**Q** 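Structure in structure tokens, see below.
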2 protein chains.
Amino acid sequence: MKQRPYHHGNLRTALLAQAERTVREQGVQDLSLRELAREVGVSHGAPRRHFPDRQALLDALAEAGFARLGAELSSAMEGAGEDFQARLRATAAAYISFATSDAALLELMFAGKHREQSGALHEASDRAFSVMLELIQRGQAEGVLERGEPERVGLVLFATIQGIAALVTGGMVGAEQLDELVVDAIAHFLRGSRVAA
Amino acid sequence: MKQRPYHHGNLRTALLAQAERTVREQGVQDLSLRELAREVGVSHGAPRRHFPDRQALLDALAEAGFARLGAELSSAMEGAGEDFQARLRATAAAYISFATSDAALLELMFAGKHREQSGALHEASDRAFSVMLELIQRGQAEGVLERGEPERVGLVLFATIQGIAALVTGGMVGAEQLDELVVDAIAHFLRGSRVAA
DNA sequence: ACCTGAACACCGTTCAAGT
DNA sequence: ACCTGAACACCGTTCAAGT
């Protein structure tokens with residue numbers, strides 16, 4: 001029954017995992033480095049080796065969040081078959097699902113963007129958004145979306161999806177209106193995008 | 001040169017004003033009741049009479065935020081002449097201007113919604129959004145927007161505007177792309193809304 | 001009715017010291 | 001290389017006491 005002299009294999013990973021849980025259940029405000037250390041079983045000074053300060057931990061959380069978001073978007077998109085509209089709907093639903101189950105984390109991910117990019121954070125966020133861009137390009141190839149830079153064409157779509165997520169997590173839209181709103185918004189977007197002819 | 005025995009006229013108002021400034025300049029995280037009291041010149045226990053705890057101050061900030069947002073939206077709308085599209089653009093611009101100059105406050109306003117409504121907070125937010133609803137109804141009357149409950153028709157529009165604000169404050173869209181994006185989004189929305197015939 | 005000031009438990013951060 | 005534990009300055013919250 002001896003105590004491990006230091007810590008199990010990877011303190012960094014353990015801290016991140018516990019932090020993600022705490023953020024989801026209690027929000028970012030209530031995330032305390034000292035409590036985290038306690039829960040993981042190390043002294044309050046130990047996290048410092050891995051995260052110089054609280055902000056460093058938050059940045060790492062954001063980076064991990066982008067990685068997971070990218071994976072979930074891309075798996076939703078690929079699991080939706082070949083039809084463009086089905087793919088679009090599935091990807092939007094996956095984004096909103098992430099945004100509502102991890103609202104505090106997503107807020108963190110957005111907030112982290114205006115700080116000095118940690119490099120890794122920026123790359124992780126680019127990878128996540130590349131899934132959306134891929135989708136836009138496909139829509140353009142099929143002639144359903146207007147031509148032009150995918151970044152620009154996709155911006156209105158992405159803004160709408162992000163806004164819906166904000167409305168839901170903000171309590172302005174109930175969960176029961178969500179599906180209808182997504183379908184509505186996408187139909188709206190596609191109607192607005194169809195080339196005149 | 002005697003010190004005022006207690007405080008000048010209205011401690012509550014002074015605290016709120018200073019808090020709004022701090023939130024704008026430093027964010028919500030750095031808002032400290034003790035520092036606020038110091039800046040306003042009272043002891044750290046004094047705010048308690050007016051705000052039982054930190055959350056009560058945040059709720060009051062959110063309520064004041066909704067009041068100001070409503071006023072700014074409504075003044076933007078009325079100052080834009082009679083043309084519906086001009087009014088829509090002006091109102092959207094006013095919303096995004098509020099969202100970007102007071103990003104932390106807006107976040108607070110959205111976050112406050114899922115807590116137990118303080119009543120006053122709920123009313124203030126309703127009044128702010130009623131400006132948007134009025135606009136939608138006008139669009140419907142002019143036949144530019146589809147019929148149906150204004151709340152439902154306006155939701156996609158509001159989501160898009162809110163999403164654009166989030167993209168800007170999140171740093172995904174630069175200030176120089178903002179105007180183009182707003183025009184784009186509104187044109188997109190109106191195209192998507194036009195009745196088939 | 002409104003404010004003060006001591007007290008308590010909690011934080012983030014720093015840093016010498018241990019293994 | 002990684003972790004401990006004391007120390008410091010700061011918080012939010014509570015509450016008896018002052019005017």
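Atom set for the values below is all heavy atoms of this structure, side chains included, hydrogens, waters and symmetry mates excluded. Only a predicted model underlies this, so the values are computations on that prediction, with no experimental measurement involved. Order of the sequence lines sets the chain letters (A, B, ...), proteins ahead of strands, with each chain counted from 1.
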**Q** Are there more than 12 heavy atoms of other residues, nucleotides or ligands under 6.0 Å from atom CZ of R68(B)?
**A**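 Yes.
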**Q** Where do E123(B) and F66(B) land on the side-chain contact (heavy atoms from CB on, under 4.5 Å) test, with the steps shown first?
**A** CA-CA 9 Å; E123(B) 286 168 32; F66(B) 276 119; over 6 Å; no
**Q** Is any side-chain nitrogen or oxygen of R12(B) closer than 4.0 Å to OP1 or OP2 of dC3(C)?
**A**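 Checking R12(B) against dC3(C): no side-chain N or O falls below 4.0 Å of OP1 or OP2.
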**Q** Between side-chain atoms of residues 28-36 of chain A and protein atoms elsewhere (two or more places apart, or another chain), which donor-acceptor pairs fall under 3.5 Å?
**A**
from, atom 1, to, atom 2, distance (Å)
S32(A), OG, R34(A), N, 3.3
S32(A), OG, E35(A), N, 3.0

**Q** Which of parallel (below 30°), tilted (30 to 60°) and perpendicular (above 60°) describes F129(B) and F158(B)?
**A**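 Aromatic pair F129(B)/F158(B) classed perpendicular.
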**Q** List for me each residue that meets side-chain hydrogen bond (donor to acceptor under 3.5 Å, both in side chains) alongside S74(A), sequence neighbours excluded, and say none if there are none.
**A**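 So S74(A) forms no side-chain hydrogen bond (donor to acceptor under 3.5 Å, both in side chains) with any residue.
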**Q** Between C1' on dC11(C) and CD on E35(A), what's the gap in Å once rounded to a whole number?
**A**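 In whole Å, dC11(C) C1' lies 11 Å from E35(A) CD.
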**Q** I want to verify a distance call: between dT13(D), dC2(D), dG12(C), whose nearest atom is closest to the L33(B) side chain?
**A**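 The answer is dT13(D), which lies nearest to the side chain.
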**Q** Given atom CD of Q55(A) and atom C1' of dG12(C), what is their separation to the nearest angstrom?
**A**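 It works out to 13 Å between those atoms.
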**Q** Give me the atom names and distance for the closest heavy-atom approach of G65(B) to F98(B).
**A**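 Scanning both residues, the minimum pair turns out to be O-CZ, 3.8 Å.
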**Q** Please work out the stems of DNA chain D from pairs that are Watson-Crick or G-U wobble with both distances under 3.5 Å, keeping only runs of three or more consecutive pairs.
**A**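 Stem segments, range with range: C:4-8 with D:12-16, C:12-16 with D:4-8.
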**Q** Applying side-chain hydrogen bond (donor to acceptor under 3.5 Å, both in side chains), name anything that partners D184(B), two or more places apart in sequence or on another chain.
**A**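 Per chain and number, D184(B) pairs via side-chain hydrogen bond (donor to acceptor under 3.5 Å, both in side chains) with R152(A).
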**Q** Counting heavy atoms from C-beta on, name the nucleotide in dG12(D), dC3(C), dC11(C) closest to the side chain of R49(B).
**A**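 For the R49(B) side chain, the nearest candidate turns out to be dC3(C).
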**Q** Quick one: L58(A) CG to dC11(C) C1', roughly how many Å, whole number?
**A**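 Distance check: L58(A) CG to dC11(C) C1' gives 14 Å.
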**Q** Can you tell me if D83(A) uses its side chain to pair, donor with acceptor, with the backbone of A86(A) under 3.5 Å?
**A**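 Looks like yes, one N/O pair under 3.5 Å.
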**Q** Between dC3(D) atom C1' and F51(A) atom CZ, what is the distance in whole Å?
**A**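 The distance from CZ of F51(A) to C1' of dC3(D) comes to 15 Å, rounded to the nearest Å.
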**Q** Between P on dC11(C) and CZ on R54(B), what's the gap in Å once rounded to a whole number?
**A**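 The distance from CZ of R54(B) to P of dC11(C) comes to 15 Å, rounded to the nearest Å.
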**Q** Would you list the protein and nucleotides 5-9 of chain D atom pairs, both N or O, that sit under 3.5 Å from each other?
**A**
from, atom 1, to, atom 2, distance (Å)
dA6(D), N6, H44(A), NE2, 2.8

**Q** Where does the angle between the aromatic ring planes of H188(B) and F189(A) fall among parallel (under 30°), tilted (30 to 60°) and perpendicular (over 60°)?
**A**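 Parallel, since the angle between the ring planes stays under 30°.
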**Q** Does the pair R138(A)/E142(A) count as a salt bridge with the N-to-O cut at 4.0 Å?
**A**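 Yes, charged N to carboxylate O under 4.0 Å.
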**Q** Contacts to DNA chain C from residues 19-32 of chain A, heavy-atom cutoff under 4.0 Å, which residues?
**A**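 By residue number: L31(A), S32(A).
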**Q** Taking NE2 from H50(B) and C1' from dC3(C), how many angstroms apart are they, rounded to a whole number?
**A**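 Spelled out: NE2 on H50(B) to C1' on dC3(C) is 9 Å.
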**Q** For a quick check under 3.5 Å, do T160(A) and T160(B) share a side-chain donor-acceptor pair by atom type?
**A**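 Per modelled atom types, T160(A) and T160(B) side chains form a pair under 3.5 Å.
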